[in-house]
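This report concerns only the one structure given below.
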Amino acid sequence: MRKGPWANTLAAAFCLLSACAASAQQARPANLERVEVAGKKGDLSAWVRAESQRFVVYSDAREEDVTQLLDNLEKLDYVLRLYTQPLRKAEQRGPKLTLYYHSRASDLGEVDASMPLNAVGLYSSCASGVQGFGVHLERVPSLADEQLDRSPLNNTLSYAFEAYARHFLYRHTDIRIPTSFIDGFAQYFSAMRFSQSQMVVGRIPNEIGGYLQLLKDSRVSSLEYGDVLEENLANARNYDGPGGVRLEFEAKSWLLTHYMLSSPDRRERLNRYLGLVDRGASPTTAFETAYGLKAAELNKVMSRYGQQGTDALRVALPSLPVPQVKFRALPRAAGEFVLADAALKACPSRPAGEALLKKVASLAAQFPNDDLARLTLSRAQIDWGNPLDALPALNAVLGEEGANFEARYLLGMANLRLAERNAGDAQRGYLQAAQGHLRSARKLNPQSPEAAFAAFKAEVAATDTPDSAALEGVISAWQTAREVDALARSAALAYAYAGKVDQAHQALVPLAQNLRDEPAARWAKQWQGRLEAGVTRGDILAEMRRNPAPDAPFKEWTIDKKEVLQSVEFISGAKASADFIDTQAINAPVIEPPNSKPNSINLNLRSELNAAAQRLRMEALMRRKLAPDDTKKE
């Protein structure tokens with residue numbers, strides 16, 4: 001059960017932000033540091049590595065553009081922590097989030113070839129890593145205070161903020177439903193903007209505003225607000241197919257969230273709403289109870305709210321830490337492996353993983369002495385080839401740099417994989433080696449969830465009585481990366497094995513509520529029942545040791561909504577025009593010149609009008625048939 005007054009926090013956050021006008025310190029520009037790489041300019045990659053307080057960014061965009069992105073993301077992260085303070089479960093410092101900031105959207109296909117059409121961002125979370133991917137669509141401007149609520153919303157920043165706000169809820173809270181709140185929260189903060197001393201919140205995102213205006217003008221809707229609360233999209237029909245349905249869901253989710261955050265009373269009711277959902281009430285029932293509105297009334301209430309105007313609020317910023325950005329140029333060899341390494345850490349499918357192994361092996365042969373080349377190839381061999389092949393290169397890297405965390409972690413993983421393929425003394429030997437390397441890796445990087453998870457798997461495989469350090473390690477790892485289902489599963493079992501049944505139940509709740517990972521939700525519900533009925537330590541240990549289906553990553557794509565909105569607008573306009581022409585044809589006046597056949601002119605005019613209406617309908621139909629389904633997520 002979640003603890004802490006969500007509504008009180010929202011109220012406190014608004015009060016704190018409003019009260020800062022008198023005491024806010026003038027924010028200073030980002031503090032930049034550059035680390036040069038020895039060698040000729042031609043030996044450097046277009047990719048650079050930038051690091052701030054909470055992010056590590058790899059990018060082939062311009063340095064000043066990366067700085068602007070990090071400056072804004074650090075501010076957004078700070079404000080999100082204010083808004084969600086009691087919902088955040090982990091106060092300990094977690095690992096920095098790794099982001100890839102691409103100069104071209106097509107580069108996302110190198111990470112995942114199944115990228116949807118118009119994708120401009122991706123967050124991938126699995127046991128091998130948590131990573132974000134974004135695209136530099138246009139330069140991010142610096143804004144003066146008076147520009148915050150008037151300047152056009154920058155697409156680069158809107159999509160980066162949308163993706164990060166959604167990811168923030170998954171990473172730092174246990175909220176998995178209602179999905180309308182999660183998406184509404186993401187859209188709400190996508191339009192937040194910062195100057196050096198102020199911020200604006202509550203602006204309407206570009207395509208969200210366009211779609212809501214279309215709904216107002218056409219009065220044709222695909223979803224009732226009750227459908228939005230329940231994410232009941234399966235039977236919805238839209239001019240632009242599934243993409244149009246998703247855009248309407250996001251638009252109405254934004255309006256619902258704006259409504260729930262628009263006054264102290266509604267923010268207090270939001271606390272009750274989320275609490276009721278958390279305790280098992282359906283989102284519709286919870287909303288009716290918390291807000292005193294029937295679902296049947298909601299369409300009219302939200303229509304009036306949207307028509308009255310959704311005000312934005314401009315306030316002074318709290319005192320923010322000055323962004324500390326450190327840049328490091330990458331050598332050309334390392335730059336060749338940036339995206340391949342990211343793709344391997346995104347837990348690809350077997351065909352994609354085997355293709356990556358082949359690609360990386362060919363590329364690594366050109367750079368036999370580069371560390372990232374050797375490490376990337378080793379990772380591919382461990383996951384998709386023969387782990388034995390990875391041992392020489394990893395030992396060579398450690399021979400040159402004994403404190404290399406990545407090499408030590410991968411050496412532990414290689415031995416763990418080899419233990420899974422062997423039995424008897426050979427298995428025991430590999431497990432002992434894996435435990436030793438993974439303990440060393442954890443000492444080198446205590447914040448790594450991946451190393452903690454691997455050390456836990458090695459411990460439960462090697463002994464019938466896992467020690468408390470391994471159990472506490474995987475629990476701590478999950479607390480800093482709550483969006484990784486494999487960590488949540490292991491943390492729940494670790495709690496149960498340690499006799500902490502209440503904590504095990506709490507860890508299972510977000511898994512059971514995660515509508516976007518049905519296998520994990522089914523497993524969590526089964527284990528909720530088993531814990532209620534009573535289960536032995538032996539059964540728990542057996543489940544810890546069981547290797548379920550290969551770790552499926554949770555992938556959340558961010559889609560450029562512009563083409564979807566344009567398509568919906570076109571089809572809607574074509575249909576309205578065709579209907580208007582039909583009316584004109586029916587009402588066409590009778591004009592009979594001398595010596596003409598009766599009604600001949602009138603019939604010709606009607607025929608031409610009917611043909612024009614039919615052409616418009618056919619064009620709209622073809623546009624609808626060609627509309628891609630850009631909503632699919634893995």
Side-chain angles (χ1 to χ4, degrees), residues 6-7 9-14 16-18 72-73 75-85 87-88 121 123 148-149 153-155 157-173 175-194 198-213 215 225 228-229 231 246-271 273-274 277 283 287 291 298 302 305-306 308-315 317 556 558-559 561:
W6 165 249
T9 300
L10 286 174
F14 271 82
L16 173 61
L17 294 171
S18 300
N72 279 279
L73 281 176
K75 291 173 181 175
L76 177 65
D77 178 88
Y78 183 85
V79 172
L80 290 176
R81 289 172 191 275
L82 285 179
Y83 272 76
T84 62
Q85 186 174 354
L87 294 176
R88 287 186 285 115
Y123 271 81
L148 287 175
D149 45 12
L153 291 174
N154 178 273
N155 283 327
L157 215 52
S158 290
Y159 289 130
F161 278 13
E162 174 192 338
Y164 185 67
R166 183 184 291 110
H167 170 77
F168 188 95
L169 284 181
Y170 283 119
R171 188 176 185 87
H172 296 288
T173 80
I175 295 177
R176 298 298 179 267
I177 53 175
T179 51
S180 59
F181 176 73
I182 294 172
D183 275 349
F185 183 91
Q187 299 301 330
Y188 185 83
F189 284 99
S190 72
M192 176 171 275
R193 291 296 182 267
F194 300 95
Q198 294 186 7
M199 76 169 195
V200 66
V201 63
R203 289 189 66 180
I204 184 167
N206 292 332
E207 281 66 47
I208 298 299
Y211 196 92
L212 290 175
Q213 184 63 45
L215 290 178
Y225 274 92
V228 174
L229 288 173
E231 198 184 9
R246 172 55 58 178
L247 178 54
E248 183 163 333
F249 175 79
E250 292 176 346
K252 290 186 172 179
S253 295
W254 174 85
L255 191 59
L256 270 170
T257 303
H258 198 289
Y259 173 84
M260 292 188 286
L261 294 174
S262 62
S263 72
D265 175 65
R266 289 172 184 163
R267 292 193 289 274
E268 186 175 346
R269 291 173 184 272
L270 175 58
N271 176 46
Y273 170 56
L274 293 176
V277 172
F287 192 90
Y291 284 89
L298 194 51
M302 297 311 300
Y305 181 73
Q308 290 169 357
T310 49
D311 294 333
L313 176 67
R314 180 154 61 99
V315 295
L317 281 171
E556 192 77 22
T558 305
I559 305 298
K561 307 172 185 64

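Small disclaimer: the values here were computed from a predicted structure and weren't measured.
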Hey, does the side chain of R193 reach the backbone of L157 with a donor-acceptor pair shorter than 3.5 angstrom? no
Report yes or no: does H258 contribute a side-chain atom to a donor-acceptor pair with the main-chain N or O of Y188 at less than 3.5 Å?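 Side chain of H258 to backbone of Y188, a donor-acceptor pair under 3.5 Å: no, none is there.
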Determine whether the side chains of S190 and R203 contain a donor N or O and an acceptor N or O closer than 3.5 Å. no
Pairing residues for N206 by the side-chain contact (heavy atoms from CB on, under 4.5 Å) criterion, not counting sequence neighbours: L153, N155
Let me see the working for L73 and F161 under side chain to side chain contact (heavy atoms under 4.5 Å, CB included), right down to the final yes or no. CA-CA 7 Å; L73 281 176; F161 278 13; 4.2 Å; yes
How would you list, by chain and number, every residue that makes a ring-ring contact (aromatic ring centres under 6.0 Å, His included) with Y225, sequence neighbours excluded?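 Applying ring-ring contact (aromatic ring centres under 6.0 Å, His included) to Y225 gives none.
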Please name all residues satisfying ring-ring contact (aromatic ring centres under 6.0 Å, His included) with Y211, sequence neighbours left out, ordered by chain then number. none
Do I175 and Y170 touch side chain to side chain, with heavy atoms closer than 4.5 Å?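 Counting from C-beta outward, I175 and Y170 never come under 4.5 Å.
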For residues L256 and L229, determine if any side-chain heavy atom of one lies less than 4.5 Å from a side-chain heavy atom of the other.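 Heavy-atom side-chain distance check passes, below 4.5 Å.
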Between L212 and I204, does a side chain to side chain contact (heavy atoms under 4.5 Å, CB included) hold up when you go through it step by step? CA-CA 10 Å; L212 290 175; I204 184 167; 4.0 Å; yes
Member of F185, F189, Y123 meeting the ring-ring contact (aromatic ring centres under 6.0 Å, His included) criterion with H167: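 Checked F185, F189, Y123 against H167; only one passes ring-ring contact (aromatic ring centres under 6.0 Å, His included): Y123.
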Mind listing the closest non-hydrogen atom pair of [X] and [Y] along with its distance?
| X | Y | answer |
| --- | --- | --- |
| V277 | P283 | CG2-CA, 4.0 Å |
| T558 | A163 | OG1-CB, 3.4 Å |
| A165 | A186 | CB-CA, 3.9 Å |
| M199 | V79 | SD-CG2, 4.0 Å |
| Y273 | S180 | OH-OG, 4.3 Å |
| S253 | V228 | OG-CG1, 3.5 Å |

If you measure from [atom1] on [X] to [atom2] on [Y], what distance do you get to the nearest 0.5 Å?
| X | Y | atom1 | atom2 | result |
| --- | --- | --- | --- | --- |
| D77 | L82 | CG | CG | 10.0 Å |
| M260 | F287 | CE | CZ | 6.0 Å |
| D149 | D311 | CG | CG | 10.5 Å |
| T173 | L80 | OG1 | CG | 11.0 Å |
| L148 | R314 | CG | CZ | 6.0 Å |
| T179 | R166 | OG1 | CZ | 10.5 Å |

Applying side chain to side chain donor-acceptor pair (under 3.5 Å), name anything that partners T257, two or more places apart in sequence or on another chain.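 Residues passing side chain to side chain donor-acceptor pair (under 3.5 Å) with T257: none at all.
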Which residues share a side chain to side chain donor-acceptor pair (under 3.5 Å) with S262, sequence neighbours left out: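 If we apply the side chain to side chain donor-acceptor pair (under 3.5 Å) test to S262, skipping adjacent residues, the hits are R266.
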Whether R171 engages the ring of Y164 as a cation-pi pair (distance to the six-membered ring centre under 6.0 angstrom, angle to the ring normal within 45°) should be assessed. no
Can you pull out every salt bridge (Lys or Arg N to Asp or Glu O under 4.0 Å) where at least one residue sits in residues 249-263? Sequence neighbours excluded, please.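 The answer is E248-K252, E250-K561.
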Does the side chain to side chain contact (heavy atoms under 4.5 Å, CB included) test come out yes or no for Y291 and L298, once each step is laid out? CA-CA 10 Å; Y291 284 89; L298 194 51; over 6 Å; no
